[in-house]
Amino acid sequence: MSDPLAYLKEELAALEEQGIRQHPRVLEGEQRARTRFDGRDVVNLASNNYLGLAAHPRLKEAASRAAAELGAGSGAVRTIAGTMSAHLELERRFAEFKGAERALMFQAGFTANAGTVAAILTKEDVIVSDELNHASIIDGARLSRAQIKVYAHKDVDAASALLAESADARRRLLITDGVFSMDGDIAPLPGLVEAAENAGAIMMIDDAHASGVLGETGRGTVEHFGLHGRVDIQVGTLSKAIGVLGGFIAGPDHLIEWLVNRGRPFLFSTSAPPAVVAACVAALDVMRDEPERLRRLWDRTRFFKEGLSGLGFDTGISETPITPVIAGDETKAVELSRGLWDEGVFTPAVVFPTVARGKARVRTIVTADHSEEDLGDALAAFERVGRKLGLI
Ligand SMILES: Cc1ncc(COP(=O)(O)O)c(C=O)c1O
């Protein structure tokens with residue numbers, strides 16, 4: 001019998017040939033600084049577990065208790081029968097964390113971004129977007145059917161010019177990632193906020209990699225730049241520094257009430273189970289009670305970055321715990337990743353089309369859980385493999 005999906009086999013073979021087919025490694029224990037993937041014990045520089053909360057005892061305990069008391073699933077979408085008091089408690093806590101009037105939980109950061117952009121704009125509107133914004137922003141922009149205008153990475157003047165030339169649009173949205181996930185650099189938020197204010201545009205920031213990481217108390221890019229009250233929509237994820245799963249929108253009451261009525265992932269997808277919600281609340285407690293985690297994250301980040309640049313590696317323009325080690329062509333990046341793996345260090349290769357050609361790299365992410373010994377071992381491995389490949 002003929003297989004109408006057979007063409008996918010050829011597409012997969014093409015991906016394999018280009019070296020860009022995904023073969024995810026399998027984590028065989030907890031998400032930790034040293035752990036086991038595919039049967040090998042490694043220093044793990046691949047996760048987004050910035051504060052080391054994914055396996056924190058208080059989160060595990062909260063999740064177990066919630067599952068025992070409230071069950072494994074919520075059983076419905078939020079607007080039908082799936083709103084539990086735990087969801088409301090987490091939303092109240094997250095609004096407080098972000099200094100916003102109100103917050104709304106989504107099933108993921110991806111659906112928070114995509115669902116919100118699609119819910120607040122229509123085809124009469126214009127979206128002005130950084131060229132390196134996350135895929136979920138791009139998908140939301142496409143779903144909204146608004147016109148999408150892309151500016152060169154972090155170019156505030158270009159963003160202002162696009163806002164100005166769109167003055168006759170019904171509404172305009174200026175949108176940026178707070179921390180860019182492939183280079184670890186920070187958006188020029190003060191300039192963008194000013195541009196949005198001058199144009200009367202909505203300002204939205206995706207703080208997936210900044211929540212829990214940037215700012216004196218880890219509240220994100222708005223805190224980092226002291227821009228409280230000047231960003232209309234803040235997106236957060238519960239899946240990275242917070243260590244669990246889910247997404248968030250924080251903003252004014254009327255925005256949240258609109259998303260309750262028109263945010264499609266909120267309306268048409270089942271809400272998070274009690275264990276997830278309770279673990280997220282526990283994560284916010286731990287962030288409050290153990291501020292040394294944030295300090296340790298940045299101490300370790302500085303230690304590792306200095307080590308890499310001291311060895312002579314090209315670490316690009318990173319300003320955060322995400323540090324790329326740029327190898328240049330695709331093959332070199334894959335060889336670097338493989339060589340490090342053989343030496344007991346897990347750092348995935350990132351190649352075209354995720355990053356530009358000639359900028360292929362391995363991406364490292366330091367967490368508060370890494371000890372100096374873990375990072376020292378990783379640096380020694382980088383030195384051996386980097387020399388072998390002629391990168392340093
Ligand atoms: C910049 C950015 N935004 C949004 C997301 C989506 O977040 P989540 O993993 O919670 O869906 C990610 C994560 O992959 C991200 O890197």
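Start at 1 and go down the list; that is how both ligands and their atoms are numbered. Note that the structure is predicted; figures quoted are calculated from it, not measured.
For the side chain to side chain donor-acceptor pair (under 3.5 Å) test, no residue two or more places apart in sequence or in another chain qualifies with K359. The side chain to side chain donor-acceptor pair (under 3.5 Å) test applied to R384 returns E343, not counting sequence neighbours. Contacts of E373 classified as salt bridge (charged side-chain N to carboxylate O under 4.0 Å, His left out), with partners at least two apart in sequence or in another chain: none.
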Q) Passes ring-ring contact (aromatic ring centres under 6.0 Å, His included), H153 versus F180? Steps please. A) CA-CA 10 Å; H153 184 47; F180 290 89; 4.4 Å; yes
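A side-chain donor-acceptor contact under 3.5 Å links T221 and D207.
Ion pairing between E330 and R357 holds under the 4.0 Å rule for side-chain N and carboxylate O.
Protein residues are said to neighbour a ligand when one of their heavy atoms lies under 4.0 Å from it; for ligand 1 these are A108, G109, F110, N113, H134, S136, D177, S181, D206, A208, H209, T237, S239, K240, G246.
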